[in-house]
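Taking it in order: structure first as structure tokens, then the write-up.
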Amino acid sequence: HDSFSITCAKGERKLDPNIDFMLLRLAVALLLTAACCAEDSLLTLDDECQATGCSFNALQRHGKKVMAEEKEEKSFGGGRSCFPDNRQKYGLSWSAQGKNFFDNFTFLVTRDDGTHGAAQYVNRQVALDESMVEAKDSHAIIRTGGPGWSYKRKSVNMHSNFVWSPKDGFVVALRFTHLPHGCGVWPAFWTKAAGHDWPNGGELDIIESANGWNNKVSFHNGDRQPCTLDAAEVNKCEPFPEINGGMNYNAFTDYTHGRMGTSPNSPRAKKLTGDYFTKNPGVMAAEVTGDYIKVFFIPDAEMPADLADDRPRPGTWDRFLISFLPFAASDKKRPGSCADMATALKPQELVFNIGMCGDWAGGAWLKEKTCSANHDLHYPACAPDNWNSANDCCTRFIYDVNGTYNTSSYFQENAFFNITWLKVYQDPSAGPPAQPPPPPPPPAEACSNFPECSKIGLGGNCCPTATGMMMGCCTSLGNASCDRHPKCKSAGLTGACCPTGSGTRMGCCEPSPDQQHHHHTHHVHRKAATKSVANLSAASCAKHSNCAKLGLDGLCCPNNAGQSMGCCDKEEQQKQQEQSPYTPSGLINVSAKGSACARAPKCSSIGLSGECCPTAAGVRMGCCDEVLEAVPSTTRPAVDSNGKDSCAKFPACAALGLAGACCPNAAGVRMGCCGETVSTSTTARPAP
């Protein structure tokens, strides 16, 4: 028709032919849409289109819709997911980026890295002065430094000044362009329960690798509230095999007895090496809750818009998952197996450190052929030996004080973090992040409270020992003493606080230059505080029954000062040396210029003689910080080491195997073993 009329309340109106055609098309479209919807609704119950009324066109439309949904899910990590999602709203709680990146971190300073490794962790000022940390407008750098103390290389171990509670739920995200990797390197970005004795309270290793191997996500917990994940729940949506052999998803960690914690990692994570990360930068993120933990790697090119806008929705990131720990689902299936993790997991601080050698990177050195072969550091020239740094292959490479292996250049190129930003998100109602609690003090009698005991490698209780003996190293603490610091004294602390024997300054200490603006400290991360007894060297206190009865651990026969204590079993020492596949002798020229104790002021000042730097056993003593070509005649105080001051004159000192002057020693300190002298007079007793 050329036109048609429509009747309405106001009468008849003529319509334009063009409008007539448009209305006709609209009517047909509505009819077709209704038919399509009816057919599509049938496919909801009949996805194979077998029922009467299902058309081929409807099947095509349904297929296109499913493909579009799958494409959207793959592109944005969203859509339907098998994994749990608490659908929590997360907002930005804290960030570190740009020139202020390091403002809210405390630098841990210690001689002992807690892993029997070669890292010497330095304070903030040293790290800044030696360009080990750099904060730019666009990024921050954390790297290793040059050689430090004997068989150590300088590095950084820094802890956030804030903590976040898994009970409230939080997301931590680290955007990077480079991660440390390479021979001897053991980098980590992790969270731990601040102020709690590790591993109680939980630890999550988000980034951790050694010798350039692929990244390994791990979770550790103590025996107070243990957790064993249910294997079926872990692998319900996709496989996350346990890569800690024999642990069977048990998070309980006790390295002394071979309990390594749990490490459920996606097979996709096998490609995530340091070299891969360098070529494919992105974001490592973790959602930490009381119900579950998820860890993600998100390539830069696929950054979700919600994360870029600081409104993260981790429930839509599941295609990026590399590790999954279902606490609540595991406990629901097997009640009591992983109970109340919201309470068991304590507020977590964030930690960056670059370890070197030690129990993992050093112990596995020979397995990484590119390291051992390229640098000609392999058996029999050296061996994995965490108890003898001079003989350890990895430590030789790391220390490289003479530049034989070009380690400094190698590390400059490989061993560093390049970080764009670090952000933490939590529910805005949770309020600002909290500060961590102070660490609990060690027992007053602990060897670590007494610098002279700690320096010679003793652990356990020294002052007194478990049998009530006061060790000779229980000397005056000077300014390290807790009672020299009002806050420490008022808290009832005793022994060494500032620092403790392990080199850590407690939060009650008066500020020192090392701490700058920071007034709280953290525990040393004890990844492997004690080796398995089966692997202990002959020097270990535990290898000698009389030393073990005293409650000592660490090194006794000899200790780090090169002295074999009176509790040492000489036959056991000889037996272990004969069974060893290698010997330190021949690896170091003990007659080399400067090995004499007299050439090292610190060694000579405490009355040592013979070979010290190194000893005949190849051990470089802790007093060998500086070696002189000539020793002034005034180095040693005048003591009568063979007469009235002699250790042999005092039974308790003699029982410890001490020689020379003890009461006092050459430093003028009267040792704890000083008591009654042994009479050497041959004069007859007077007649009654």
Pairwise distance [atom1]([X]) to [atom2]([Y]) - rounded to 0.5 angstrom:
X	Y	atom1	atom2	value
T144	Y410	OG1	OH	11.0 Å
T191	E349	OG1	CD	9.0 Å
I419	S138	CD1	OG	12.5 Å
N215	I206	CG	CD1	10.0 Å
N414	S409	CG	OG	10.5 Å
N391	C382	CG	SG	7.0 Å

Of the non-hydrogen atoms in [X] and [Y], which two are nearest, and what is the gap between them?
X	Y	answer
A194	P436	CB-CB, 3.4 Å
G148	Y399	O-CE1, 4.0 Å
M260	H220	O-CE1, 3.1 Å
D400	T407	OD2-N, 3.0 Å
T115	D359	O-OD2, 2.7 Å
M356	S155	CE-CB, 3.7 Å

State whether a side-chain donor-acceptor pair under 3.5 Å links N157 with H159.
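N157 vs H159: donor-acceptor pair found between side chains.
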Side-chain donor-acceptor contact under 3.5 Å, N211 with H181
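Checked: N211/H181 side chains show no N/O donor-acceptor pair below 3.5 Å.
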Any side-chain heavy-atom pair from [X] and [Y] closer than 4.5 angstrom?
X	Y	value
W213	E208	no
L174	W421	no
M158	R124	no
F296	M284	no
L377	R396	yes
C509	H485	yes
P199	T253	yes
L179	I207	yes

Return the set of residues passing salt bridge (charged side-chain N to carboxylate O under 4.0 Å, His left out) with K216 (not counting sequence neighbours), or none when no residue passes.
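K216 satisfies salt bridge (charged side-chain N to carboxylate O under 4.0 Å, His left out) with no other residue.
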Checking K346 now: which residues fulfil salt bridge (charged side-chain N to carboxylate O under 4.0 Å, His left out) with it, not counting sequence neighbours?
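Counting only residues at least two positions away or on another chain, K346 forms no salt bridge (charged side-chain N to carboxylate O under 4.0 Å, His left out).
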Geometric class of the [Y]/[X] ring pair [parallel <30°, tilted 30-60°, perpendicular >60°]:
X	Y	value
W186	W360	perpendicular
Y276	F297	perpendicular
W365	F397	tilted

Apply disulfide (SG to SG under 2.5 Å) to C482 and C488, showing your working.
CA-CA 5 Å; C482 302; C488 301; 5.5 Å; no
Go through the structure and list residues passing ring-ring contact (aromatic ring centres under 6.0 Å, His included) with Y405, not counting sequence neighbours.
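Applying ring-ring contact (aromatic ring centres under 6.0 Å, His included) to Y405 gives none.
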Among all residues two or more places apart in sequence or in another chain, which pass the ring-ring contact (aromatic ring centres under 6.0 Å, His included) test with Y425?
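Here no residue qualifies.
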F176 vs F417, ring-ring contact (aromatic ring centres under 6.0 Å, His included): CA-CA, chis, key distance, verdict:
CA-CA 7 Å; F176 61 87; F417 287 94; 8.6 Å; no
Tell me whether [X] contacts the main-chain N or O of [Y] through its side chain, where contact means a donor paired with an acceptor under 3.5 Å.
X	Y	result
K152	G117	yes
N244	G261	yes
N123	Q125	yes
S263	V217	yes

Tell me which pairs pass salt bridge (charged side-chain N to carboxylate O under 4.0 Å, His left out) where either residue lies in [range], with sequence neighbours left out.
range	result
residues 173-187	R175-D300
residues 132-151	K99-D137, E134-K136
residues 404-414	none

Determine, step by step, whether V133 and L128 satisfy the side chain to side chain contact (heavy atoms under 4.5 Å, CB included) criterion, reporting the C-alpha distance in whole Å, the side-chain angles of both residues, the deciding distance to 0.1 Å, and the verdict.
CA-CA 6 Å; V133 295; L128 287 169; 3.6 Å; yes
Tell me, with the steps shown, if R153 and S408 meet side-chain hydrogen bond (donor to acceptor under 3.5 Å, both in side chains).
CA-CA 10 Å; R153 182 171 286 267; S408 291; 3.1 Å; yes
Check SG atoms, C183 and C394, less than 2.5 Å apart:
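In this structure, C183 and C394 share no disulfide.
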Just checking W198 against Y255, ring centres under 6.0 Å apart?
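Here the rings of Y255 and W198 have centres that are less than 6.0 Å from each other.
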Please identify each residue that fulfils side-chain contact (heavy atoms from CB on, under 4.5 Å) with [X], with sequence neighbours left out.
X	result
V424	W94, W164, F170, V172, L350
D254	F252, T256, H257, R259
S209	P187
N418	H139, I141, T177, H178, F416

If you apply the rule side-chain hydrogen bond (donor to acceptor under 3.5 Å, both in side chains), what do you find for D392 with S389, and how did you get there?
CA-CA 5 Å; D392 182 58; S389 298; over 6 Å; no
Check against side chain to side chain contact (heavy atoms under 4.5 Å, CB included), F189 and D205:
CA-CA 6 Å; F189 170 58; D205 298 314; over 6 Å; no
Could you walk me through whether W190 and N353 pass the side-chain hydrogen bond (donor to acceptor under 3.5 Å, both in side chains) test, one step at a time?
CA-CA 9 Å; W190 45 291; N353 73 282; 2.7 Å; yes
Ion pair check, D275 and K279, cut-off under 4.0 Å
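Between K279 and D275 there is a salt bridge, with a charged N closer than 4.0 Å to a carboxylate O.
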Any residue meeting side chain to side chain donor-acceptor pair (under 3.5 Å) with S131, in chain and number order, not counting sequence neighbours
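Residues passing side chain to side chain donor-acceptor pair (under 3.5 Å) with S131: none at all.
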